[in-house]
Amino acid sequence: MLTLMSDVARKSLGPASRRRLKGMIDPILAPVGSIHGAKGPSNKVALTFDDGPDPVVTPRLLDLLRTRGVRATFFVLTDKAADRPELLRRIAEEGHEIGLHFDRHDRLTRMRLGEARRRVRAARAWLESLTGPVRFFRPPFGSQSLSTYMMARFEGLEVVSWGPYAEDWAEQAPETAAGKVLGPVKGGDIVLMHDGLEKPEGEALPTFDRVRMVELILDGLAARNLAPGAVGDLLADGGPRLSAWFRR
Ligand SMILES: [Zn+2]
């Protein structure tokens, strides 16, 4: 029902009407809301990186974040992390927050709930054995039904969606990708980016320098007096802004 409602809204309403509709629905559905940002005035912006760790991009990204003294959240795929446990350990040791993306980049909405639960439990247990407690979960593709949301909550995980995104799965100049974030971004937002990148078979991966994109985003945030950090840092201030977020 909720998925249907959001599909109808996506297809038939303009952006302004969609925002209005969402503004009316979100307070009603807050008990089943996903974390979309932080409440209240904030100068913080959470940086999130999905689909890693990646053997080429992640080390360079970690170097950049260390140089700038910035903490971020990495939503990792545990099958990829298992191939490179040293990278996963480095992410944790350098003080970043580690969230669960899943074991592989599959849609939870396209499998039986029992399978989704079993895989979330196993992936989380493995991750926690290496890096400590995991609080946040972001399902691949943002695919979520009311059932998979409830499952994640019953497992004690908090579901995190996102606000501005760089569209960094598409080929483009780093300046263009950074501009897509810096245009709309405001304090309290959660920014979506990728250090790894999982695309459907046969689709080409973009080759632009995504670490340069992050560097430009950090410069742009600093110029606006916005402070980048991890999702946990963002929520420590104002508490979560929740939004009903269901999609196939
Ligand atoms: Zn992903």
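Whatever order the structure lists them in is the order used to number ligands and atoms, beginning at 1. When a residue number appears, it is its place in the shown sequence, counting from 1. Computed from heavy atoms alone, side chains included, the values below leave out hydrogens, waters and symmetry copies. For clarity, every value in this text was computed on a predicted model and none was experimentally measured.
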Report all side-chain donor-acceptor pairs from residues 108-115 shorter than 3.5 Å, counting only partners two or more places apart or in another chain.
| from | atom 1 | to | atom 2 | distance (Å) |
| --- | --- | --- | --- | --- |
| T109 | OG1 | R248 | O | 3.3 |
| E115 | OE2 | R119 | NH1 | 2.8 |

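- In this structure K186 satisfies the side chain to side chain donor-acceptor pair (under 3.5 Å) test together with D189, sequence neighbours excluded.
- Around the NZ atom of K199, the shell of radius 6.0 Å holds more than 12 heavy atoms that belong to other residues, nucleotides or ligands.
- Under a hydrophobic clustering in which Ile, Leu, Val, Met, Phe, Trp and Tyr are joined whenever their side-chain heavy atoms come within less than 4.5 Å, directly or via other members, V181 and L216 fall into different clusters.
- Within the protein, the N, O or S atoms sitting under 2.8 Å from the Zn ion (ligand 1) are D51 OD1, H101 NE2, H105 NE2.
- Residues meeting the side chain to side chain donor-acceptor pair (under 3.5 Å) test with D51, sequence neighbours left out: H101, H105.
- For the pair V76 and P53, the minimum side-chain heavy-atom distance is below 4.5 Å.
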